2 protein chains.
Amino acid sequence: MSDAEIETARLKEQFRDFLVAEGLKFTRQRRVIADLFFKADEGHRSLNELLAAAQVEQASIGYATVYRTMKLMTDCGVALEHKFADTGLTLFEPNLEGDHHDHIICLTCGRIVEFEDAGIEALQESVARRHGFEVRKHRHEIYADCVAPDCEYRPVA
Amino acid sequence: MSDAEIETARLKEQFRDFLVAEGLKFTRQRRVIADLFFKADEGHRSLNELLAAAQVEQASIGYATVYRTMKLMTDCGVALEHKFADTGLTLFEPNLEGDHHDHIICLTCGRIVEFEDAGIEALQESVARRHGFEVRKHRHEIYADCVAPDCEYRPVA
DNA sequence: CTTCTTGCAAAATTTTTGCATTACA
DNA sequence: TGTAATGCAAAAATTTTGCAAGAAG
C-alpha cells in the first residue's frame with residue numbers, strides 16, 4: 001500500500017467517522033464521490049468536474065448531491081474549498097495530512113502549483129500579533145505567469 | 001490642502017483622464033460616485049453601501065450605474081476589488097499611491113486591518129521564482145480573532 | 001421501521017446585460 | 001447633434017433549498 005493509498009484511506013475513514021458521529025449515512029453516492037475525490041490525481045476540481053466524474057460511476061447522481069457531499073467534506077475537514085480570483089469558480093482539494101500549502105496560479109494557462117514557506121508563515125504570525133490578532137487561517141495566492149513550455153490560454157469550464 | 005485631499009484629487013484626475021482617453025464621459029453620476037468613494041473615511045465598501053451613499057447625493061442613481069462605474073474604476077486602476085472569504089461580498093477600496101497592503105479580517109466582528117510586510121513580499125517573489133513563475137499580483141488575507149474591546153458579531157449586510 | 005438522502009426543480013443570490021430614454025461633450 | 005450613459009428590468013450564472021420518493025441502518 002503506497003503512501004498515497006494510505007492517505008486516501010485515512011481521509012475516507014475520517015469522513016465516515018464524521019458521518020457516524022453525526023448520525024448520518026455513508027451512502028453509495030457519498031462513497032463514490034469520496035473515492036474519486038480522494039484519489040485526486042489532480043488536486044483542484046470544481047463541482048461540475050466532480051459531478052462528471054461521479055456520473056461515470058453512477059449516472060443518476062445529481063449536482064445537489066455532489067454539492068452537499070462536498071459541503072459535508074469541507075465541514076469535517078477532509079476537503080478544502082478555494083475560490084480563486086479572476087474566476088467565479090469554486091475548487092476543492094483533499095486536505096492531506098500535514099500538507100498545508102498555498103497556491104501559485106498562472107494567469108495564462110490556469111496551472112496551479114502549491115507552495116509552502118515557513119518564513120512567510122512565521123512573518124504572518126508576527127504581523128498579526130503586532131496588530132492585535134490571533135491567526136485562525138489565511139489565504140495566500142500568488143497570481144503569476146508561468147514558464148511551462150505548453151503554457152497557453154485555457155478557458156475554465 | 002491635506003495629503004488625503006491631494007490623493008483624492010489625484011485619483012479623481014486619473015479616473016477622468018482614463019475616461020477622456022477612452023472617449024467616455026465624466027458624468028454627474030460618475031463624479032458623485034468617485035467623490036464619495038475616494039473620500040473613503042472607511043476603506044472597504046460594497047456596491048450596496050456605495051449605492052446608498054450615492055443616492056444621498058442623487059436619489060435616482062441605480063445599482064447598475066454604481067456597478068459599471070466601479071468596474072471602470074477597477075479597470076483603470078484607481079480602485080481595488082476584494083472578494084474576501086466567508087462572505088460572498090465584494091468590497092472596493094481606493095488604490096492609494098504607494099500604499100500596497102494586504103488584509104487581516106476579524107472572523108467575529110468583520111473588522112478589516114491593513115498590513116504590509118516587506119519580508120513577506122520578498123519571500124513571495126523568491127518562492128515564485130523558485131517554481132518558475134513571475135509574480136503579477138497576489139492575494140494575502142489573514143483571518144483572525146481580534147482583541148478590539150468592542151469586538152462582537154456583526155452580520156454583513 | 002424510522003430517519004436520512006437523493007434528485008429534481010424551484011428559489012435565492014449575485015453579477016451582468018439589453019434597451020429605450022436622457023444627458024453629455 | 002451624435003455618442004455614450006443611465007436606470008430599469010430582465011437575463012445569467014451560482015449557490016442553496018423544499019419536497020416527494022427511495023435508500024440506509
Side-chain angles (χ1 to χ4, degrees), chain A residues 15-35 45-76 79 81-92 155-157, chain B residues 15-36 44-76 79 81-92 155-157:
Chain A
F15 183 39
R16 186 175 53 64
D17 289 350
F18 167 79
L19 294 176
V20 170
E22 298 283 322
L24 306 178
K25 289 163 185 173
F26 199 28
T27 60
R28 165 148 171 68
Q29 286 89 337
R30 289 178 183 166
R31 219 168 310 222
V32 165
I33 295 167
D35 282 339
R45 283 182 287 184
S46 65
L47 285 177
N48 282 324
E49 288 168 340
L50 290 167
L51 173 62
Q55 289 179 328
V56 171
E57 285 297 309
Q58 187 188 323
S60 66
I61 287 184
Y63 179 91
T65 298
V66 178
Y67 168 81
R68 286 184 277 222
T69 299
M70 293 316 297
K71 178 174 269 287
L72 285 171
M73 290 207 210
T74 302
D75 287 348
C76 80
E81 185 185 325
H82 299 291
K83 284 180 208 265
F84 294 121
D86 295 327
T87 112
L89 219 45
T90 299
L91 303 180
F92 294 85
V156 264
Chain B
F15 183 40
R16 187 175 52 64
D17 289 350
F18 167 80
L19 293 176
V20 170
E22 298 282 322
L24 306 178
K25 291 163 183 172
F26 198 29
T27 60
R28 167 150 169 65
Q29 286 86 340
R30 289 178 183 169
R31 218 168 309 224
V32 165
I33 295 167
D35 282 339
L36 73 91
H44 306 82
R45 282 181 287 184
S46 66
L47 286 177
N48 281 323
E49 287 168 340
L50 291 167
L51 173 63
Q55 289 181 329
V56 171
E57 285 297 308
Q58 186 188 325
S60 66
I61 287 185
Y63 179 92
T65 298
V66 178
Y67 168 81
R68 285 184 276 226
T69 299
M70 294 316 296
K71 178 175 270 286
L72 285 171
M73 290 205 207
T74 302
D75 288 346
C76 81
E81 185 185 324
H82 300 291
K83 284 178 207 263
F84 294 122
D86 295 327
T87 113
L89 220 45
T90 299
L91 302 180
F92 295 85
V156 265

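On a predicted model such as this, the values are computed, not experimentally measured, just so you know. A, B, ... follow the sequence lines: proteins, then strands. Residue 1 opens every chain. Just so it is clear, the values below take in all heavy atoms, side chains as well, and ignore hydrogens, waters and symmetry mates.
For D:dG7, the OP1/OP2 oxygens have a side-chain nitrogen or oxygen of B:Thr65 closer than 4.0 Å. Applying the 4.0 Å criterion to OP1 and OP2 of C:dG7, one finds that A:Gln58 has a side-chain N or O inside that range. Between A:Tyr63 and D:dT14, a side-chain N or O to OP1/OP2 separation shorter than 4.0 Å is absent. The shortest distance between the side-chain N/O atoms of B:Gln29 and the OP1/OP2 oxygens of C:dC24 is not below 4.0 Å.
A:Gln55 places its CD atom 9 Å from the P atom of C:dG7, with the value rounded to the nearest Å. Rounded to whole Å, atom P of D:dA4 lies 14 Å from atom CZ of B:Phe18. Between A:Lys83 atom NZ and D:dT14 atom C1' there is a gap of 9 Å when expressed in whole angstrom units. D:dT14 atom P lies 14 Å from atom CG of A:Leu51, rounded to whole Å. Separating the CG atom of B:Leu50 from the P atom of C:dT14 is a distance of 16 Å, rounded to the nearest angstrom. Following rounding to the nearest Å, A:His82 (NE2) and D:dT15 (P) show an atom-to-atom distance of 15 Å. Per the geometry, CZ belonging to B:Arg31 stands 11 Å off C1' belonging to C:dA25, to the nearest Å. Atom pair A:Ile61:CD1 and D:dG22:P shows a separation of 18 Å (rounding to whole Å applied).
A:Phe26 and A:Phe15 have perpendicular rings, their planes meeting at more than 60° on a 0 to 90° scale where under 30° would count as parallel.
Nearest-nucleotide mapping onto DNA chain D: of B:Arg28 and B:Lys25, the residue sitting toward the 5' end is B:Lys25. Projected onto DNA chain D by closest heavy-atom contact, B:Ser60 and A:Leu47 fall at different nucleotides, the more 5' of which corresponds to B:Ser60.
The nucleotide whose nearest atom lies closest to any side-chain atom of A:Thr90 is, among C:dA25, D:dT15, D:dT6, D:dT15. Closest to the side chain of B:Arg68, from the set D:dC8, C:dG7, D:dA4, is D:dC8. Proximity note for B:Ala64 (side chain, C-beta onward) versus C:dT15, C:dA25, D:dC8: the nearest is D:dC8.
Counting only distance, with no hydrogens or angles, the side chain of A:Thr65 and the backbone of A:Ile61 share no donor-acceptor pair below 3.5 Å.
Note on A:Tyr67: a base of the nucleic acid sits closer than 4.0 angstrom, heavy atoms only.
Contact annotation: side chain of B:Lys71 to base of C:dT16, donor-acceptor pair absent below 3.5 Å.
Atom CD of residue A:Glu57 and atom CG of residue A:Asp35 lie 8.0 Å apart, to the nearest 0.5 angstrom.
Minimum heavy-atom separation, B:Ala34 to B:Met73: CA-CE, 3.6 Å. Of all non-hydrogen atoms in B:Ile33 and B:Met70, the two that sit nearest each other are CG2-SD, 4.0 Å.
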